Amino acid sequence: MRILSILLLSFFYLPAHKNASSTEVLQSMYKRYHGIWHKSLTFNQTTERYRNDSLLKKSTWYETIVYPDLLRIDFDSVKSSAGVIFRHDSTYAFRNKKIVRATKDENELIFFLGGMYSMPFDKILSHFAELHYDLTKFHADTWKGKPVYVLGDDKPGDKVNQLWIDQEKLVAVRFIKYDGGTKEEGFFEQQIPLKNAWSETKCRFYINDKLLQVESYHDVVADKPVDMTIFEPSVIGK
């Protein structure tokens with residue numbers, strides 16, 4: 001009943017189709033979920049890697065998220081000897097319990113799949129700009145038979161960065177990015193209610209329209225206590 005009450009109440013915050021803007025949609029999302037979105041998320045993930053649309057490898061990853069911008073992925077087992085840590089605006093890959101690569105590279109999916117609700121609203125707007133989404137552009141569309149808001153794009157078919165938002169749940173269901181001359185596309189599907197919010201449980205990612213990865217989430221748990229040292233690169237191997 002809690003989820004249903006929130007959905008019915010927050011319906012009145014939805015902007016009208018014709019006069020809406022990307023910023024107004026983000027405001028509606030923020031009003032609905034700020035302060036009630038889960039602070040952490042844990043799950044294991046069946047990961048399928050593809051090349052030229054053919055399956056190359058299938059494996060299990062174990063993931064822990066703490067919003068707004070921490071994610072640890074362990075490959076093949078919990079607290080394994082190989083994986084990756086996304087920490088703020090940096091990425092650390094580790095293998096054989098040693099850091100093998102560190103780069104300035106955030107995981108922006110954490111941001112618009114939940115992290116944004118742990119930030120001040122003005123920071124959300126500025127971060128979308130940093131990620132090259134033009135929030136002055138907007139249109140309404142449909143996706144898989146359901147109405148969506150498209151943030152960052154005012155004309156269907158334009159090659160611009162865009163985020164598609166389910167109008168009912170006010171959660172992301174698709175993104176397209178064209179940075180660096182490469183088309184990246186992702187789909188977030190099969191959302192399940194999770195406390196006062198949602199979690200996608202099926203994701204698909206494409207590069208230049210070629211399937212790259214399919215993810216299926218299992219044992220999804222919100223707000224499980226997290227040992228924050230797992231996000232510290234300095235403790236890998238200790």
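Each residue takes its place number in the sequence, starting with 1. Quick caveat, the model's predicted, so the values are computed rather than measured.
Hydrophobic clustering of Ile, Leu, Val, Met, Phe, Trp and Tyr side chains at less than 4.5 Å, counting indirect connections, unites Val171 with Tyr117. Linking ILVMFWY side-chain heavy atoms closer than 4.5 Å, directly or via other members, places Leu170 and Leu125 in a single hydrophobic cluster. Under the 4.5 Å side-chain contact rule for hydrophobic residues, Leu26 and Phe138 share a cluster. Trp198 and Leu113 fall within the same hydrophobic cluster, where Ile, Leu, Val, Met, Phe, Trp and Tyr residues are linked whenever their side-chain heavy atoms come under 4.5 Å apart, directly or through other members. By the criterion of side-chain heavy atoms lying less than 4.5 angstrom apart, applied directly or through intervening Ile, Leu, Val, Met, Phe, Trp or Tyr residues, Met29 is grouped together with Phe128 in one hydrophobic cluster.
Across Phe111 and Ile124, no two heavy atoms sit closer than the pair CZ-O, 3.8 Å. The heavy-atom pair separating Val160 from Gly152 by the smallest distance is CG2-O, 3.5 Å. Listed here is the closest heavy atom pair of Tyr67 and Gly115: CD2-N, 3.3 Å. For the residue pair Tyr92 and Ala102, the shortest heavy atom distance occurs at CD2-CB, 3.6 Å.
For His88 and Asp69, the side-chain atoms include at least one donor-acceptor pair closer than 3.5 Å. At a cut-off of 3.5 Å, with distance as the only test, a side-chain donor of Lys202 or Ser216 sits close to an acceptor on the other residue. Counting only N and O atoms by type, the side chains of Asp134 and Thr136 include a donor and acceptor under 3.5 Å apart.
Glu63 places no side-chain N or O within donor-acceptor distance of the main-chain N or O of Phe43, the cut-off being under 3.5 Å. Side-chain N or O atoms of Arg72 include one that pairs as donor or acceptor with a backbone N or O of Ile230 at under 3.5 Å. A donor-acceptor pair under 3.5 Å is absent between the side-chain atoms of His132 and the main chain of Asn161, judged by distance alone. Judged by distance alone, with hydrogens and angles left aside, the side-chain atoms of Asn208 form a donor-acceptor pair with the main-chain N or O of Lys183 at under 3.5 Å. Judged by distance alone, with hydrogens and angles left aside, the side-chain atoms of Lys177 form a donor-acceptor pair with the main-chain N or O of Leu131 at under 3.5 Å. The backbone N or O of Lys155 sits less than 3.5 Å from a side-chain atom of Asp153, completing a donor-acceptor pair. Between the Thr201 side chain and the Tyr217 main chain, no donor and acceptor come within less than 3.5 Å of each other. Asp166 contributes a side-chain N or O that, together with a main-chain N or O of Glu168, makes up a donor-acceptor pair within less than 3.5 Å. Listed for the Asn96 side chain is no donor-acceptor partner under 3.5 Å among the backbone atoms of Lys98. Judged by distance alone, with hydrogens and angles left aside, the side-chain atoms of Ser40 form a donor-acceptor pair with the main-chain N or O of Lys224 at under 3.5 Å.
The aromatic rings of Trp37 and Tyr33 sit perpendicular to each other, their planes meeting at more than 60°, with 30° as the lower class boundary.
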Kindly determine whether Thr229 and Asp227 satisfy side-chain hydrogen bond (donor to acceptor under 3.5 Å, both in side chains), including the steps that lead there.
CA-CA 6 Å; Thr229 63; Asp227 176 4; 2.8 Å; yes

Is there a side chain to side chain contact (heavy atoms under 4.5 Å, CB included) between His38 and Asn196? Walk through the geometry before answering.
CA-CA 8 Å; His38 38 275; Asn196 298 319; over 6 Å; no

Determine whether Asp76 and Ser59 satisfy the following criterion, side chain to side chain contact (heavy atoms under 4.5 Å, CB included), listing intermediate values before the conclusion.
CA-CA 7 Å; Asp76 299 320; Ser59 58; 3.8 Å; yes

Apply side chain to side chain contact (heavy atoms under 4.5 Å, CB included) to Tyr206 and Asp209, showing your working.
CA-CA 5 Å; Tyr206 294 76; Asp209 299 316; 5.7 Å; no

Applying side chain to side chain contact (heavy atoms under 4.5 Å, CB included), run through Leu194 and Leu41 and close with a yes or a no.
CA-CA 10 Å; Leu194 208 58; Leu41 195 67; 3.2 Å; yes

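In this structure the side chain of Ile110 reaches within 4.5 angstrom of the side chain of Ile65, judged on heavy atoms. A 4.5 Å side-chain heavy-atom check between Glu184 and Ile207 finds at least one atom pair inside the cut-off. Within the 4.5 Å cutoff, the side chain of Tyr178 has heavy atoms near those of the Ile176 side chain. Side-chain contact between Tyr50 and Leu212 is absent, with no heavy-atom pair separated by less than 4.5 Å. Under the 4.5 Å side-chain criterion, counting only non-hydrogen atoms from C-beta, Glu108 is in contact with Glu106. Asp141 is not listed as a side-chain neighbour of Trp143, based on a closest heavy-atom distance of 4.5 Å or more. For the pair Gln213 and Thr47, the minimum side-chain heavy-atom distance is below 4.5 Å. Inter-residue side-chain proximity for Ile236 and Ile99 is flagged as met; some heavy-atom pair is nearer than 4.5 Å.
Here the CG-OG distance, from Leu151 to Ser22, works out to 4.5 Å after rounding to the nearest 0.5 Å. In this structure, CD in Gln162 is found 6.5 Å from CH2 in Trp164, a value given to the nearest 0.5 Å. For the atom pair Leu71 CG and Thr64 OG1, the distance stands at 8.0 Å (nearest 0.5 Å). The CG atom of Asn44 lies 5.5 Å from the OH atom of Tyr62; values are rounded to the nearest 0.5 Å. Here OG of Ser81 is found 8.0 Å from CZ of Phe94. Values are rounded to the nearest 0.5 Å. Within the model, atoms CZ of Phe175 and CG of Leu163 stand 9.0 Å from one another, a figure rounded to the nearest 0.5 Å.
By the 4.0 Å N-to-carboxylate-O rule, Glu185 lies close enough to Arg174 to be salt-bridged with it. Ionic pairing of Arg204 and Glu189 is present here: one or more N-O contacts between side-chain nitrogen and carboxylate oxygen are shorter than 4.0 angstrom. Between Asp89 and Lys104, at least one side-chain N (NZ, or NE/NH1/NH2) sits under 4.0 Å from a carboxylate O, which counts as a salt bridge. Salt-bridge check for Arg87 with Glu232: passed, with a basic side-chain N closer than 4.0 Å to an acidic carboxylate O.
For Phe205 and Phe187, the gap between ring centers reaches or exceeds 6.0 Å.
Qualifying side chain to side chain contact (heavy atoms under 4.5 Å, CB included) partners for Gln27, counting only residues two or more places apart in sequence or in other chains: Thr23, Glu24, Phe121. Residues passing the side chain to side chain donor-acceptor pair (under 3.5 Å) test with Glu130, sequence neighbours excluded: His127. Asp53 is linked by a side chain to side chain contact (heavy atoms under 4.5 Å, CB included) to Lys210, Leu211, counting only residues two or more places apart in sequence or in another chain.
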